[in-house]
Structures are given as structure tokens and as C-alpha cells.
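Notes follow once the structure below has been shown.
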2 protein chains.
Amino acid sequence: MVQTVIPKATAKRLPLYYRYLNFLYNAGKKKVSSTELSEVVKVDSATIRRDFSYFGALGKRGYGYDVETLLNFFKKTLNQDHLTNVALVGVGNLGHALLNYNFQQTNNIRISAAFDVNPEIAGTIQSGVPVYAMDDMVNQLKIQQIDIVILTVPAEDAQAVSEQLIQAGIKGIMNFTPMRISLPANVRVQNVDLANELQTLIYFLDHYSKKDKLHHLQSS
Amino acid sequence: MVQTVIPKATAKRLPLYYRYLNFLYNAGKKKVSSTELSEVVKVDSATIRRDFSYFGALGKRGYGYDVETLLNFFKKTLNQDHLTNVALVGVGNLGHALLNYNFQQTNNIRISAAFDVNPEIAGTIQSGVPVYAMDDMVNQLKIQQIDIVILTVPAEDAQAVSEQLIQAGIKGIMNFTPMRISLPANVRVQNVDLANELQTLIYFLDHYSKKDKLHHLQSS
DNA sequence: CAAAACCTGTTATACTATTAACAAATCATT
DNA sequence: AATGATTTGTTAATAGTATAACAGGTTTTG
């Protein structure tokens with residue numbers, strides 16, 4: 001039952017499957033069943049089989065899935081067979097931490113340029129990444145043909161900076177600010193709202209009882 | 001239609017509503033309609049009305065919602081009327097950045113203790129937060145009655161450290177490591193998987209067309 | 001080789017979430 | 001006070017997600 005468009009929920013789990021398949025492969029495992037995989041990724045085995053089935057028949061009945069085959073399949077599907085360059089805007093505390101985060105090792109993603117208003121760090125190299133002034137941003141993004149940006153600027157600058165990013169032809173923004181930015185519909189925004197997540201965790205602890213089935217699941 | 005248990009999807013949006021209500025209140029706004037709120041938080045107005053209705057009739061037909069009333073209601077509901085202390089385990093790059101993140105200002109959450117294996121920083125104060133050695137962790141968490149932890153240790157230590165956290169009686173873990181940890185069902189885990197989110201964003205850009213309705217929504 | 005054990009892919013079902021639509025109520029205006 | 005403009009709260013319709021169950025195969029074992 002091969003489909004062109006995969007459910008959003010499934011798409012969100014793909015990188016997780018890929019990561020764990022890598023672990024299994026590196027551990028020398030040849031095959032894996034949906035039940036085994038379920039135990040490590042904490043996703044119901046039926047959900048895993050359904051997720052995989054959107055891509056066709058990847059497994060073998062009575063056997064399971066061949067780890068290497070599956071790994072290679074997802075590598076292509078997730079575009080992990082070539083390096084993806086992204087930029088980071090706002091080299092503050094969080095920005096700095098992300099410059100040091102090794103996206104390349106597991107995900108073949110590299111932060112190849114950073115931007116900041118602070119004239120003291122513009123022009124320097126931070127954690128191996130060249131930092132440019134904001135004035136150069138639109139230009140550099142175009143030259144370097146980057147279309148994905150990690151946004152770690154102060155909340156009050158989020159909207160203005162985002163509008164500049166649109167000028168630069170950016171297609172996706174991973175938004176770490178607490179603001180919901182207004183953008184054209186063809187630009188995809190992925191909000192990573194840390195305070196929100198923590199607050200939600202607290203809310204769940206306060207309002208959902210211990211025997212609640214929710215507690216068996218882990219949230220994204 | 002007052003309910004005791006609110007849908008998970010609704011619960012996740014509450015902190016966002018609360019944050020924006022604060023903005024509106026501080027801007028001197030007295031009332032707000034679901035349509036107005038919808039424009040700033042990027043959530044359908046019908047969804048907002050439905051979300052609010054789980055808590056009873058908070059608004060007035062033909063008028064909208066009284067900002068102050070709504071704000072105070074959510075303040076209580078989200079436990080933001082008192083300070084919540086949490087701990088952070090693993091003072092690396094990301095850990096450090098989170099110590100500097102001001103959770104208290106908007107969310108009345110404070111990181112009141114941190115823990116790290118590095119003997120050079122154990123015993124010091126980092127960004128205003130005392131750092132303890134890992135040997136003291138279980139004891140300190142019990143003494144300080146902390147039941148929520150932000151986990152920013154290296155991936156390979158995630159499971160072992162988590163098991164210690166269980167010993168300390170922790171009830172919730174915000175897991176920044178790329179590992180899915182195995183824990184008793186009564187402990188709630190909120191996974192914040194940065195590489196995963198970035199990878200998902202890339203997948204969406206590659207596989208969903210511009211005219212796709214998905215692009216009008218913003219992901220959590 | 002036959003029987004038992006195993007495991008996928010899919011069908012059927014249940015659950016969860018979103019959104020359109022509108023009656024009922026309030027507000028603003030003349 | 002009557003009319004028209006708003007806006008909620010909810011009902012009904014739709015969309016999206018998860019999972020149980022099992023037929024149809026494969027592998028393993030006696």
C-alpha cells in the first residue's frame with residue numbers, strides 16, 4: 001500500500017526509526033522485528049508496521065526486517081545520503097549550544113553559517129562556524145543557497161528577522177523563540193517551545209492520574 | 001461542558017494561550033475574541049473556543065473573553081501562581097544554555113539545582129544555580145523535594161542516570177537526549193529531540209508540496 | 001517433511017482532534 | 001426599544017491517528 005504522501009504523525013517518527021536502526025546496525029544486528037524495535041523506540045509495534053507499510057512491503061513474514069536494507073531505504077527517504085546545510089541566526093546562549101550540537105554525526109546536517117547582531121562576534125568563527133553580521137544575512141543565505149534556518153534570536157526580534165529570512169528565500173524555520181511568527185503559507189515553521197514543553201509536563205503531572213494510560217506513552 | 005480530564009492536544013496549547021494572554025494584559029487590552037487570539041497564536045478560532053469550553057463558560061457571547069479573568073483562571077490551572085522548582089542533570093553545552101534560559105519570568109519555573117560528573121564544576125555555582133556532584137544527586141533531590149528533572153547528559157548515560165532519578169522519586173523528566181528511556185509507567189517523560197525535529201522539518205520541505213494545507217499550520 | 005512458532009501487511013475498529021456551522025446571547029447604534 | 005453586528009458555546013461533520021486482530025506467508029523445530 002505505497003503512498004506518495006505519508007501521514008504527518010508517521011513522518012515525525014521516521015528520524016527516530018532511522019536513528020535506532022543505525023544503533024542496531026552498528027551493534028551488528030542483521031534482522032529486527034516490529035516487536036523488538038517497539039521495545040527500544042517506545043512505539044506500538046502495530047504502529048511501526050503500519051508506518052513502514054506506507055513505503056511498501058519492506059519486511060518478510062515470519063522473519064522481520066533486514067536491518068541494512070531498512071537502514072538504506074530510510075537513509076534515502078530522509079535525504080541522509082547527502083549533507084544538508086542550515087544556518088543559525090542569533091548566537092546567544094542557546095545558539096551557542098546548538099553550534100556545538102553534533103547534528104552531522106547522526107543526521108548529516110551541518111550548521112554552515114551563523115548570524116548575530118553583536119559586532120564583537122560578527123566576523124569570528126564560533127565552534128567552527130563562521131559568524132556574519134546581520135547586514136550580510138540575506139546576501140549570504142542566497143550565496144550559500146541555504147533554505148533552512150534555526151532561529152535563536154530574542155523574542156522581540158523574531159518577527160522582524162523572520163521577514164528578512166523570507167527575503168532571502170528561506171523555506172523552513174526551526175523557531176526556538178516563544179513567539180508564533182506570521183509568515184507566508186509556503187514557508188514551514190517548526191516551533192520548539194522549551195518553556196511550553198516544560199509547562200506541559202508539569203500540567204500532566206498535576207492533572208493526570210498515575211493509572212492513566214497516557215503515562216505509558218512518551219510524548220514527542 | 002466542564003470536564004475533569006482535558007484532551008492532551010488541548011493541554012499542550014494551554015501554556016501558549018497563557019503566554020499570549022500575558023502579552024495582551026501587559027499591553028493594556030481588556031477583552032479579546034477567539035478570532036483575535038487565533039491570529040496571534042496561530043490556532044483556529046473554533047479550536048480555541050472548544051479548548052476554553054472544557055473549563056466551562058469563560059467568555060461572554062457578543063463580547064469575547066475578559067483578558068484579566070482568563071489570565072487569572074489559567075494562572076491557577078497551570079499552577080503558575082506558585083514557583084515550581086526543577087533540577088537539571090548534565091551541565092554541558094545545552095545544560096548551560098538552559099541554566100541561562102529564563103523560565104521564571106514567563107512561567108514561574110526555576111532551576112534550583114544542577115548536577116554534573118565533572119569534578120571541576122561540582123561545588124561551583126553556574127549562572128546562579130548550585131552544581132552538585134552526581135553522588136549527591138539522589139540525596140539532594142530528596143532533600144529539596146524536586147520531582148521534575150531536565151536531562152541533558154550524554155546519550156550513553158541517559159538510561160543509567162534516569163534509573164537513579166527514579167530512586168530519588170522523580171515524577172517527570174524532560175529528556176533532551178536522543179535516547180528513548182525505559183521507565184516505570186508512572187513516570188512521565190517528555191522527549192525534546194532536537195535532531196529529530198530538524199530532520200522532520202527537512203522531510204516536510206522535501207515531501208509536501210507548496211499548496212499542501214499542512215503549510216498553513218505550525219507544528220508544535 | 002509436518003507441525004509449531006513466528007511475523008508481516010492489512011482490515012476493521014476505536015480513539016482523538018479539528019473545524020464548519022449555527023442557535024443563543026450580548027453589545028452597539030440609531 | 002428595535003435593528004444589526006458580534007461572538008460564544010456546542011452540535012454535527014470530518015479528518016487524523018492508533019491499535020487490535022488475523023489471514024497469509026516464512027522460518028524453525030521435532
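Naming: A, B, ... by sequence-line order, numbering from 1 per chain. Worth knowing before you read on, the calculation uses all heavy atoms, side chains too, and leaves out hydrogens, waters and symmetry mates.
- Not one side-chain nitrogen or oxygen of Arg49(B) sits closer than 4.0 Å to the OP1 or OP2 atom of dA21(C).
- If you check the side chains of Tyr17(A) and Asp51(A), you find a donor sitting under 3.5 Å from an acceptor.
- Taking the side chain of Pro7(A) as heavy atoms from C-beta on, and the options dT18(C), dT19(D), dT17(D), the nearest nucleotide is dT17(D).
- Computed from coordinates, the Asp51(B) CG to dT16(C) P distance equals 16 Å when rounded to whole Å.
- The side chain of Ser34(A) contributes an N or O atom lying less than 4.0 Å from OP1 or OP2 of dT8(C).
- Spacing between atom CG of Leu58(B) and atom P of dT10(D) amounts to 10 Å, rounded to whole angstrom units.
- Not a single donor-acceptor pair, N or O on each side, falls under 3.5 Å between the base of dT8(D) and the side chain of Arg50(B).
- A sub-4.0 Å separation between OP1 or OP2 of dT19(D) and a side-chain N or O of Thr47(A) is present.
- Rounding to whole angstrom units, CG of residue Asp44(B) and C1' of dT10(D) are separated by 15 Å.
- Formation of a donor-acceptor pair under 3.5 Å by the Gln199(B) side chain with backbone atoms of Leu78(A) is found in this model.
- The CZ-C1' distance, from Phe52(A) to dG9(C), rounds to 13 Å in whole Å.
- Nearest to the side chain of Lys8(A), among dA20(D), dT19(C), dT17(D), sits dT17(D).
- Among the nucleotides dT18(C), dA20(D), dT8(C), the one closest to any side-chain atom of Ser33(A) is dT8(C).
- A donor-acceptor pair is defined here as one N or O able to donate and one able to accept, closer than 3.5 Å; no such pair exists between the side chain of Glu197(B) and the backbone of Met174(A).
- The backbone N or O of Met179(B) sits less than 3.5 Å from a side-chain atom of Asn175(B), completing a donor-acceptor pair.
- Residues of residues 59-78 of chain A having a heavy atom closer than 4.0 Å to DNA chain C, listed by number: Gly59(A), Lys60(A), Arg61(A), Gly62(A), Tyr63(A), Gly64(A), Tyr65(A).
- Between Asn108(A) and Gln80(A), the side chains place no donor N or O within less than 3.5 Å of an acceptor N or O (distance only, hydrogens not considered).
- Residue Gln145(A) qualifies as open at atom CD: its count of foreign heavy atoms under 6.0 Å is 12 or below.
- Rounded to an integer number of Å, the gap from Leu37(B) CG to dT8(D) C1' is 14 Å.
- In this entry the distance linking NZ of Lys30(B) with C1' of dC27(C) reads 19 Å, nearest Å.
- Rounded to an integer number of Å, the gap from NZ of Lys31(B) to P of dC27(C) is 9 Å.
- Checked by atom type and distance alone, the side chain of Arg19(B) never pairs as donor or acceptor with a backbone atom of Thr106(B) at under 3.5 Å.
- Taking atom CD1 of Ile48(A) as the reference point, atom C1' of dA20(D) lies 15 Å away to the nearest angstrom.
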